[in-house]
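Not measured: the values here are computed from a predicted model. Counting starts at 1 for both ligands and their atoms, in listed order.
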Amino acid sequence: MASKHQPAWWKEAVVYQIYPRSFKDGNGDGVGDLKGIIEKLDYIQSLDVNAVWLNPIFKSPNDDGGYDISDYYAIQPEFGTMAEFDQLLEGLHQRKLKLIIDLVLNHSSDEHPWFQESKKSKDNPYRDYYFWRPGSNDLPPNNWPSFFGGSAWQLDKGTGEYYLHLFSKKQPDLNWETPALRQEFHNLMKFWLDKGVDGLRLDVISAISKQTDFSDTPTDDFNETIRIKYANGPRLKEFIKEANEQVWSKYNVMTVGEGPGITPQNALEYLEENEGLNMIFHFGHMYMDQGPGGRFDPIPWSLHDFKSIFKIWNDTFKERGWGSVFLGNHDFPRMVSRWGNDKEYWSESSKLLLTLLLTMPGTPFVFMGDEIGMTNIKLNSVSESQDIESQNGWREAQKKGTSEKEFLKAMNYAGRDNARTPFQWTHDGNRGFTSGTPWMQINPNHTSISVDIQESAPDSILNFFRAMVNLRKLHPVLSYGDYLPVETKVANLFLYFREDKKEKMLILLNFSNELINLPDDIISHLTTRVIGNYYERKTFKALNPWEACVYTC
Ligand code: TEU
Ligand code: CA
């Protein structure tokens with residue numbers, strides 16, 4: 001079946017996500033920076049990826065890991081200078097690598113001049129750059145909860161009104177109803193695109209159009225509130241279309257929108273050719289193990305649900321639009337700890353998850369460190385967390401009488417600190433990351449999980465990742481082919497075909513610690529194994545624990 005999808009660089013790309021604070025420190029202050037990334041350009045190139053997505057690098061008080069921007073035109077001083085940014089961009093382009101920057105347009109920092117002006121008086125020219133509403137009887141304007149605990153409204157004594165902040169109170173939501181604000185952001189995007197940036201990751205883009213009646217949410221299921229109240233606002237399509245017409249259409253730029261609350265039913269509305277985004281990050285699988293209380297209310301996940309979520313989304317983008325695939329990023333625990341077995345089958349399950357990531361339809365986004373199997377870190381007290389989401393989560397949990405031991409368990413399972421420990425370059429101490437004291441403790445298991453150990457080991461996760469990326473490049477069926485999942489009663493088996501008019505491949509994944517016998521009708525397809533995470537298939541009729549293999553049929 002010929003693919004209905006037009007070819008494009010970003011459809012065939014493998015994207016490597018770098019969280020600058022934790023990647024490499026180039027000046028010894030213990031904080032990762034642009035200079036450090038420049039030092040590691042050859043390593044990045046050795047991964048054979050095509051693009052780098054940098055988490056925000058703009059001036060920020062760092063209340064939320066840089067997602068609280070106080071100057072959209074300036075580089076975060078801790079990360080370096082604009083000259084170093086230009087040098088990094090040049091270094092990437094020289095290596096045929098593209099750069100995707102992360103723009104946070106749903107909210108700014110409260111230290112941004114716009115907000116400093118807006119809060120001065122009710123008739124300040126910048127008042128309508130944000131959402132201000134009177135409360136009533138000392139109560140906020142409505143019952144909306146913040147992503148980071150507590151109310152989504154903060155009373156500002158200066159003018160006696162509340163301002164909206166879906167995230168931290170230092171991240172006031174911007175009011176896209178105000179044309180001048182939209183113009184400011186169109187100019188901002190042109191500034192960075194004129195510098196030669198190749199892509200934009202648009203933070204929480206699904207929430208930029210607000211339901212300005214601000215009526216209460218009818219549910220206390222947080223993910224439901226995101227879907228019906230924060231995301232998919234009445235003018236969302238219009239604002240995206242306008243940005244496309246005013247800016248993106250004039251550049252050869254890839255746009256990926258972070259879309260919490262966007263569903264398989266409405267996603268294509270935001271991906272219209274020439275009107276919408278190129279793709280979105282969707283979160284079905286990422287919220288699957290979150291209970292009604294959100295991240296710190298973890299519930300068990302099932303491979304059955306995991307498989308059906310991938311099927312629903314792959315079917316959504318079968319003919320139109322385009323998918324993105326990720327199993328981890330700076331907001332979620334490490335994929336091998338969350339979905340794999342980071343103990344007895346740490347290497348096999350890391351490779352299995354990389355196999356899934358790189359054989360699914362849609363553009364794969366690989367989070368730095370997952371190519372070497374970095375794992376969660378075990379913090380011994382909540383105070384060791386450097387993430388406002390965990391700190392606030394603990395504040396809220398205490399109000400409900402949750403013990404620190406109980407909260408710490410949920411935090412160590414689901415918290416974002418897990419993804420933000422310094423990259424493990426060398427097995428001997430922090431030296432690989434910094435010559436100083438790292439801003440965050442490095443995972444003690446760097447003694448066995450590090451680039452220098454894996455670089456020269458032929459069967460390392462790192463070298464498996466490189467081989468898997470290469471396989472995806474050699475077989476366009478893995479990018480553009482149809483996705484044909486195999487129905488199976490066997491609980492921990494995940495089997496699917498990828499097929500186009502030239503080729504058919506079968507991917508077999510065993511998500512368990514047990515040996516699993518393969519159904520007979522599958523065995524007949526096993527002709528040539530092109531890659532696998534076990535040296536040789538011990539038994540032809542079964543998959544070993546956490547075995548992943550890819551066959552051409
Ligand atoms: O995340 C927004 C978001 O919707 C969630 O996916 C994310 O898990 C968040 O931590 C709530 O649990 C984006 C950024 O990726 C995140 O780092 C920022 O904290 C957030 O927006 C606010 O800018
Ligand atoms: Ca530094």
Side-chain angles (χ1 to χ4, degrees), residues 17 19-39 53-58 60 62-69 75-81 84 102-109 145-149 152 165-174 201-208 222-223 225-227 230-231 256-262 280-287 289-290 293-298 326 328-333 365 367 387-393 411 414-420 422 430 433-439:
Q17 178 193 352
Y19 191 71
R21 195 167 199 84
S22 303
F23 188 65
K24 178 79 176 78
D25 171 22
N27 67 349
D29 67 354
V31 176
D33 46 44
L34 302 186
K35 189 165 176 291
I37 302 173
I38 291 166
E39 282 173 22
W53 155 31
L54 289 185
N55 289 100
I57 53 174
F58 313 103
S60 162
N62 200 36
D63 187 57
D64 175 25
Y67 279 91
D68 49 314
I69 295 170
I75 299 296
Q76 172 71 323
E78 278 187 315
F79 288 171
T81 63
E84 285 166 331
D102 196 328
L103 291 182
V104 186
L105 309 180
N106 175 68
H107 47 271
S108 75
S109 164
S146 155
F147 275 83
F148 294 157
H165 62 86
L166 296 184
F167 292 90
S168 87
K169 59 176 182 292
K170 284 183 65 66
Q171 294 171 291
D173 278 60
L174 285 154
R201 183 263 189 188
L202 298 166
D203 187 66
V204 205
I205 197 75
S206 51
I208 60 172
F222 186 57
N223 287 322
T225 289
I226 296 173
R227 191 178 67 76
Y230 300 168
V256 51
E258 192 207 21
I262 289 179
I280 55 157
F281 290 132
H282 56 79
F283 289 83
H285 59 314
M286 299 309 264
Y287 289 157
D289 57 359
Q290 292 187 3
R295 181 188 297 272
F296 302 112
D297 171 21
F326 68 104
N329 64 24
H330 62 292
D331 285 333
F332 294 99
F365 285 74
F367 183 49
D387 175 14
I388 187 155
E389 188 176 28
S390 292
Q391 289 155 4
N392 287 9
M411 191 181 95
R416 305 190 300 180
D417 293 293
N418 284 309
R420 303 175 179 191
N430 302 328
F433 168 68
T434 178
S435 56
T437 307
W439 71 277

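Here the shortest heavy-atom distance to atom 4 (O) of ligand 1, taken over Gly66, Gly259, Ala231, Pro260, belongs to Pro260.
Closest to atom 20 (C) of ligand 1 among all protein heavy atoms lies Phe167 CE2, 3.6 Å. For atom 21 (O) of ligand 1, the nearest non-hydrogen atom of the protein is Asp203 OD1, 3.1 Å. When only non-hydrogen protein atoms are considered, atom 18 (C) of ligand 1 lies nearest to Asp64 OD2, 3.3 Å.
The pair Lys169-Asp68 does not count as a salt bridge, with every side-chain nitrogen at least 4.0 angstrom from each carboxylate oxygen. Between Arg295 and Asp387 no salt bridge is recorded (no basic side-chain N to carboxylate O distance below 4.0 Å).
Counting heavy atoms closer than 4.0 Å to ligand 1, residue Arg201 contributes side-chain atoms (C-beta onward) but none from N, CA, C or O. With a 4.0 Å heavy-atom cut-off, ligand 1 is reached by the side chain of Tyr287 but not by its N, CA, C or O. Counting heavy atoms under 4.0 Å from ligand 1, residue Met286 does not touch it at all.
The Ca ion (ligand 2) sits nearest to atom OD2 when only the N, O or S atoms of Asp33 are considered. Closest N/O/S atom of Asp25 to the Ca ion (ligand 2): OD1.
To the nearest 0.5 Å, atom CZ of residue Phe79 and atom CD1 of residue Ile37 are 8.0 Å apart. A distance of 12.0 Å separates CZ in Arg227 from CD1 in Ile262, rounded to the nearest 0.5 Å. With values rounded to the nearest 0.5 angstrom, Ser168 atom OG is found 11.0 Å from Gln391 atom CD. Taken from CG in Asn55 to CZ in Phe23, the straight-line distance is 12.0 Å, to the nearest 0.5 Å. To the nearest 0.5 Å, atom CD of residue Gln76 and atom OG of residue Ser60 are 5.5 Å apart.
Expressed to the nearest 10°, the angle at the Ca ion (ligand 2) joining O in Val31 with OD1 in Asp29 is 90°.
With ligand atoms numbered from 1 in the order given, ligand 1 contributes 10 (O), 11 (C), 12 (O) to contacts under 4.0 Å with heavy atoms of Glu389. For ligand 1 and His330, the ligand atoms under 4.0 Å from any heavy atom of the residue are 14 (C), 15 (O), 16 (C), 17 (O).
Note: Phe283 and Phe326 have perpendicular aromatic rings, judged against thresholds of 30 and 60 degrees for the angle between ring planes.
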